[in-house]
Amino acid sequence: MTYGVGSNNVAEAATEQRIGNSDYGIMYIYPDTVEAVKKDGRYYVVVSAEDRYTDKQFLAELRQGENMQNVVSTLCLYMFTNDGRFYCMPQRYLIDNEGKVCVDLGSDMQFRGIDEKILTQVYTASLKVLESKQRFQKMMKR
């Protein structure tokens, strides 16, 4: 089963990890989605993260859009450069209160510098998940 981005229902996600407060809500990552990938000879850290909105004014404005009356969060697949200085978003969705995708925001593959503390926290938490996965794999090989 796929968790986070790409799942038909975000509520199916097995685990989540609270990262901290974003500008409009609370940011979570899905540790099961964290991976190191190699593309064009370079390594990247990939993770699904969900920003669950708590800002009532922001939610009221967001919900005025077509098919967005029940929006509660944004779910993004983030791809960070190995050094954690840049990121892009291969997938982005608005999620409703039933955990279903209500709007596909498309992708933004333009790498940009990390300018928000919460994104640094997402990257750092993702690295910790990768380290834990590697320790577990080494332990299983013994």
Side-chain angles (χ1 to χ4, degrees), residues 1-140:
M1 180 178 344
T2 302
Y3 302 116
V5 172
S7 175
N8 289 332
N9 189 329
V10 178
E12 293 174 356
T15 60
E16 61 187 28
Q17 180 181 335
R18 182 182 173 146
I19 301 303
N21 294 332
S22 66
D23 290 341
Y24 300 108
I26 301 170
M27 185 72 78
Y28 296 84
I29 66 167
Y30 293 94
D32 294 343
T33 67
V34 177
E35 292 183 33
V37 297
K38 188 175 182 180
K39 180 181 179 206
D40 300 329
R42 300 180 86 177
Y43 285 96
Y44 299 91
V45 176
V46 177
V47 62
S48 291
E50 184 175 8
D51 192 359
R52 295 184 191 154
Y53 302 127
T54 57
D55 184 310
K56 293 186 186 323
Q57 182 178 352
F58 178 75
L59 269 171
E61 290 175 19
L62 189 62
R63 290 177 174 167
Q64 291 178 10
E66 186 177 334
N67 299 324
M68 296 184 21
Q69 293 74 28
N70 296 319
V71 169
V72 294
S73 66
T74 298
L75 183 65
C76 292
L77 180 66
Y78 288 101
M79 187 163 82
F80 295 95
T81 56
N82 196 38
D83 61 7
R85 294 177 49 215
F86 301 94
Y87 75 101
C88 68
M89 296 175 284
Q91 296 175 320
R92 300 179 298 166
Y93 304 99
L94 288 176
I95 305 300
D96 69 13
N97 56 358
E98 294 180 355
K100 296 181 181 174
V101 173
C102 56
V103 176
D104 183 343
L105 298 171
S107 66
D108 182 356
M109 294 303 292
Q110 180 68 40
F111 277 96
R112 62 190 83 230
I114 293 179
D115 57 356
E116 296 179 48
K117 181 181 175 185
I118 193 67
L119 290 179
T120 300
Q121 292 170 315
V122 167
Y123 172 74
T124 303
S126 299
L127 285 182
K128 289 178 182 176
V129 169
L130 281 176
E131 289 172 358
S132 294
K133 285 181 178 182
Q134 287 175 343
R135 274 196 301 272
F136 180 75
Q137 289 172 351
K138 285 180 183 177
M139 194 172 69
M140 294 306 291

> Ring centroid separation for Tyr87 and Tyr123, is it under 6.0 angstrom?
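Between Tyr87 and Tyr123, the centre distance exceeds or equals 6.0 Å.
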> Roughly how far, to the nearest 0.5 Å, is CD of Glu35 from OG of Ser48?
9.0 Å
> Testing the basics here: between Val122 and Ile19, what is the closest heavy-atom pair and its distance to 0.1 Å?
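Looks like N-CG2, 3.9 Å.
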> Could you tell me the separation between the CG atom of Asp96 and the OG atom of Ser73, rounded to the nearest 0.5 Å?
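Rounded to the nearest 0.5 Å, the CG-OG separation comes to 8.5 Å.
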> Taking side chain as C-beta onward, heavy atoms only, is Pro90 less than 4.5 Å from Met109?
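Contact flag for Pro90/Met109 side chains = yes.
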> Measuring from Gln64:CD to Leu59:CG, what's the distance to the nearest 0.5 Å?
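With rounding to 0.5 Å, CD (Gln64) is 11.5 Å from CG (Leu59).
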> Other residues, nucleotides and ligands only: do more than 12 of their heavy atoms fall within 6.0 Å of CZ on Arg112?
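Enclosed.
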> Rounded to the nearest 0.5 Å, how far apart are CG of Leu94 and CZ of Arg63?
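Here the interatomic distance stands at 11.0 Å.
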> For the atom pair CZ (Arg52) and CZ (Arg18), what is the distance rounded to the nearest 0.5 Å?
10.0 Å
> Does the side chain of Phe80 reach to within under 4.5 Å of the side chain of Ile114, using non-hydrogen atoms?
yes
> Measure the shortest side-chain to side-chain distance between Arg92 and Asp108 over non-hydrogen atoms and say whether it is less than 4.5 angstrom.
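Yes; the side chains approach each other to less than 4.5 Å.
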> Considering all heavy atoms of both residues, which atom of Cys102 and which atom of Asn67 are nearest to each other, and what is their separation?
CB-O, 3.8 Å
> According to side chain to side chain contact (heavy atoms under 4.5 Å, CB included), who are the partners of Glu116, at least two apart in sequence or on a separate chain?
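Partners of Glu116 under the side chain to side chain contact (heavy atoms under 4.5 Å, CB included) test: Asp23, Ile118, Leu119.
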> Between Phe86 and Asp83, what is the shortest heavy-atom contact and its length?
N-OD1, 4.4 Å
> Where does the angle between the aromatic ring planes of Phe111 and Tyr44 fall among parallel (under 30°), tilted (30 to 60°) and perpendicular (over 60°)?
parallel
> Between Val103 and Met68, which heavy-atom pair has the shortest distance, and what is it?
CG2-CG, 3.8 Å
> So do Tyr78 and Met89 actually touch side chain to side chain, heavy atoms under 4.5 Å?
yes
> Can you check side-chain contact (heavy atoms from CB on, under 4.5 Å) on Asn70 and Glu98, steps first, answer last?
CA-CA 8 Å; Asn70 296 319; Glu98 294 180 355; over 6 Å; no
> Step by step, would you call Lys128 with Gln17 a side-chain contact (heavy atoms from CB on, under 4.5 Å)?
CA-CA 12 Å; Lys128 289 178 182 176; Gln17 180 181 335; over 6 Å; no
> The test is side-chain contact (heavy atoms from CB on, under 4.5 Å); show your working for Thr74 and Tyr53 and say whether it passes.
CA-CA 8 Å; Thr74 298; Tyr53 302 127; 2.2 Å; yes
> Please give me the minimum heavy-atom distance between Val129 and Pro31, naming the atom from each residue.
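Minimum heavy-atom contact is CG1-O, 3.6 Å.
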> Atom CE of Met27 and atom CG of Asp51: how far apart are they, to the nearest 0.5 Å?
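That separation rounds to 4.0 Å.
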> Glu66: what forms a side chain to side chain contact (heavy atoms under 4.5 Å, CB included) with it, not counting sequence neighbours?
none
> When you compare the side chain of Ile26 with that of Asn21, does any pair of heavy atoms fall below 4.5 Å?
yes
> Can you list everything that forms a side chain to side chain contact (heavy atoms under 4.5 Å, CB included) with Tyr43? Sequence neighbours excluded, please.
Lys38, Asn82
> Is there a side-chain contact between Ile95 and Val101, using heavy atoms and a 4.5 Å cut-off?
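Answer yes - side chains close enough.
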